[in-house]
Protein chains: 2
Amino acid sequence: MKPTVHDIARFAGVSLATVDRVLNGRPGVRGVTRDKVEQAIAQLGYVRDLAAANLAKSRTYNLCFILPANDNSFMIRLREEVEEAIARSAVERARIEIVEVPAFDPGALVSAMDEVADRKPDGVALVAIDAPEVRAAADRLRAEGIAVATLVSDVGASSRDHFCGIDNSAAGRTAANLMGRFLSKVDGRVAILAGSLLVRDHRERLEGFLSVLAEDFPRVAILPVIEALDDPAMVEKTVRDALRRHPDLSGIYSLGAGNRGLIRVLKELDPARRPVVIAHELTRSTREALHSDLIDAVLNQDPGHEVRSAVRVLKAKADGLPVLTAQERIRIDIFLKDNLP
Amino acid sequence: MKPTVHDIARFAGVSLATVDRVLNGRPGVRGVTRDKVEQAIAQLGYVRDLAAANLAKSRTYNLCFILPANDNSFMIRLREEVEEAIARSAVERARIEIVEVPAFDPGALVSAMDEVADRKPDGVALVAIDAPEVRAAADRLRAEGIAVATLVSDVGASSRDHFCGIDNSAAGRTAANLMGRFLSKVDGRVAILAGSLLVRDHRERLEGFLSVLAEDFPRVAILPVIEALDDPAMVEKTVRDALRRHPDLSGIYSLGAGNRGLIRVLKELDPARRPVVIAHELTRSTREALHSDLIDAVLNQDPGHEVRSAVRVLKAKADGLPVLTAQERIRIDIFLKDNLP
DNA sequence: AGATTTCTGATTTACGTACCTCAAATTTTG
DNA sequence: CAAAATTTGAGGTACGTAAATCAGAAATCT
């Protein structure tokens, strides 16, 4: 049978109280005694029964998610996933709160972070903007002992405890690889559509994309990057413009959101002359576009995984526990029309 | 604060014992009373505290994994993952046992299943062979109240409780899509390499691959399927043969294991004339081959996810609980050299 | 109506850990 | 060496649920 604290106490020849002190790092145990207990733990292979421990502690974690008030499908999904986490929170011993801030606005994000800090939560997850003032605000949170996780988009590694998102550089490189191969022998022009280069995820995707394209597919020409703030209407307009100016456009890499606008334009094109299109995030619209051959590939990050991972990570960090890196890695899903879930 | 059974009892005006009877489906409660209690549960939004329940029950699940004694990297990884699950089993209230059987041998699998049944475990996971006698053995297990999950390769849906693996038909279709596009304008000949068409996962991949190729890329010619029993040496030999007979071979889809043999042959080829190669399962050798451009894409299923999912599913089924389908879906990973983890 | 069966209530113990108190034993310090 | 400080032991309660017993109440049957 699994050994319990009682077994440890008996084996080590000490009392239950002492075992408890050792296990929970409480003071008042001599080094010799502590060693005895730790040896007993090692020898009997004791592992703390988490169910019992949680029950006894009845600890609850106060967490806060700061999300941009963006109305693209991805952010809506992300918010829904946080809300589902809230629905589960009773079971998970967590109290989760959502704070909305204007998108792409470092100042608003910083003041939200400072306000949140006043409530002294155990952890904060935020969709970061990679700016010095945001990093400073994150540092302030951490200085107060609040765990900080970035969600979807990162800041410099030193200012947060963990990043819950994909390797965006790899995503950009993958997109370039697919683009280069899908274009095949056709030397073409490729347009790149971003939300904003203020956010690190978009920047990293762009860099990855450009580097692989330059190295492995040097004959592909690249148009200047279009920033459309993840807004469908703006995306639509800019894509229409680009197609007018470059009728020979043979590829589009949409590395941000707002793909509804892009798809509206694609629908109007002659199927024979449709460019190769690679986009990010599987939503209702990109899924339909994949299915009807308007989009060729979708790179996806699963917001559900990201949110659940963030909750786990923040809890662990709040308790000073290590994070299981392998488990928390968020994967890049590649969807073609044939492997849609 | 979260309501407890005591709150339910007070609210419904019944005793704790009655609430317990309702919650755990024990007999001896009148319909009217049961309704009262259920209403109280609904109104107070009671959710059973799993930590406490598990603690009180101190139930342990006896599970058994029947694995083929195959020595390809994938099966080795799978076994390692089961061993890790065993290492975790103390924490997870499970006792997990591994039984090895010869690969591709329905008779051996069936006798292993029957032997396992004698020990009356709570659940059995097996890498299935899709044969009538295996289905019958699975039916026998389930008739004895033992939960059955198929791992990696499935049998007919009616004979098991759950399949822990990828949608192999979608994997085959995806491979065909990539193959068709990577071949681009070149009308080529494609060779297909399978382990054995006795196992359903290989059959399904094949069917998916053929159907998409026929429909979307009709100009691609397909050579007769080669069955190499997932054995590296046999794979090497058959691929060498195929290349000799068809010097114009422009694509290879390796839908089974034993890719070490394939890679050995690929290394010897003139890089300029190397065929497009799509393989399954990210192992040390396929990873290196991806990296050095010998393989173009690898479709992968994560054995870790599959094993963990199997454990969760078997536990749930053993308790007669429903399975959260969305959570247990195993994804098809697509790896190019640019998104290797 | 009386006997029988079926419900229901009250109470208790157990699960394994956390956390608290108080007293006793031991070590350290002056 | 005595006083002070530290370490340890003993014991208890709590967490929320499961599961059991036993007695009493209500419903059903004859």
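Here is the naming used below: chain letters follow the sequence lines, and residue numbers restart at 1 for every chain. Heavy atoms only: backbone and side chains are in, while hydrogens, waters and symmetry mates are out.
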Can you establish whether the number of heavy atoms outside A:Arg95 located under 6.0 Å from its atom CZ is more than 12? no
I'd like to know if B:Arg30 and B:Asp35 make a salt bridge, using a cut-off of under 4.0 Å between side-chain N and carboxylate O. no
What residues, two or more places apart in sequence or in another chain, satisfy side-chain contact (heavy atoms from CB on, under 4.5 Å) together with [X]?
X        : answer
A:Arg26  : A:Asp20, A:Arg21, A:Asn24
A:Arg140 : A:Val110, A:Asp114, A:Ala136, A:Ala137
B:Thr4   : B:His6, B:Asp7
B:Arg200 : B:Asp130, B:Ser153, B:Asp154, B:Arg203, B:Glu204

Just to verify, what does [X] make a salt bridge (Lys or Arg N to Asp or Glu O under 4.0 Å) with, not counting sequence neighbours?
X        : value
B:Arg119 : B:Glu97
A:Asp139 : none
B:Glu306 : none

Let's go through B:Lys317 and B:Asp122 carefully: what are the C-alpha distance in whole Å and the side-chain angles of both, what is the deciding distance for salt bridge (charged side-chain N to carboxylate O under 4.0 Å, His left out) to 0.1 Å, and is it a yes or a no? CA-CA 9 Å; B:Lys317 291 288 181 185; B:Asp122 297 297; over 6 Å; no
Are B:Thr4 and D:dG16 close enough that a side-chain N or O sits under 4.0 Å from OP1 or OP2? no
DNA chain D contacts among residues 314-324 of chain A, heavy-atom distance under 4.0 Å: none
Tell me which residues in residues 16-25 of chain A put a heavy atom below 4.0 Å from DNA chain D, sorted by number, or none. A:Ala17, A:Thr18, A:Arg21
Suppose we screen for side-chain hydrogen bond (donor to acceptor under 3.5 Å, both in side chains). Which residues come up paired with B:Arg77, at least two apart in sequence or across chains? B:Glu81
Write down the distance between CG (A:Asp7) and P (C:dG16), rounded to a whole number of angstrom. 9 Å
In this structure, how many angstroms lie between the P atom of C:dC7 and the CG atom of B:Asp35, rounded? 14 Å
What residues in residues 42-60 of chain B put a non-hydrogen atom under 4.0 Å from any atom of DNA chain C? B:Leu55, B:Ala56
Closest heavy-atom contact between [X] and [Y]?
X        : Y        : value
B:Arg331 : A:Asp302 : NH1-CB, 4.0 Å
A:Ile332 : A:Asp167 : CD1-O, 3.6 Å
A:Val127 : A:Met75  : CG1-CE, 4.0 Å

Counting any heavy atom closer than 4.0 Å, what does A:Gly13 reach on the DNA or RNA strands: base, sugar-phosphate only, or nothing? sugar-phosphate
Could you check A:Arg26 against B:Thr33 and say which one's nearest nucleotide on DNA chain C is further toward the 5' end? B:Thr33
On DNA chain C, check which nucleotide each of B:Arg93 and B:Pro27 is closest to and give me the residue with the more 5' one. B:Pro27
Minimum-distance nucleotide to [X] side chain [options: [options]]:
X       : options                : value
A:Val5  : D:dA10, D:dA19, C:dT17 : C:dT17
B:Val14 : C:dT8, C:dG9, D:dA19   : C:dG9
A:His6  : D:dG9, C:dT17, C:dG9   : C:dT17

Between protein and nucleotides 25-30 of chain C, what N or O pairs are separated by less than 3.5 Å?
none

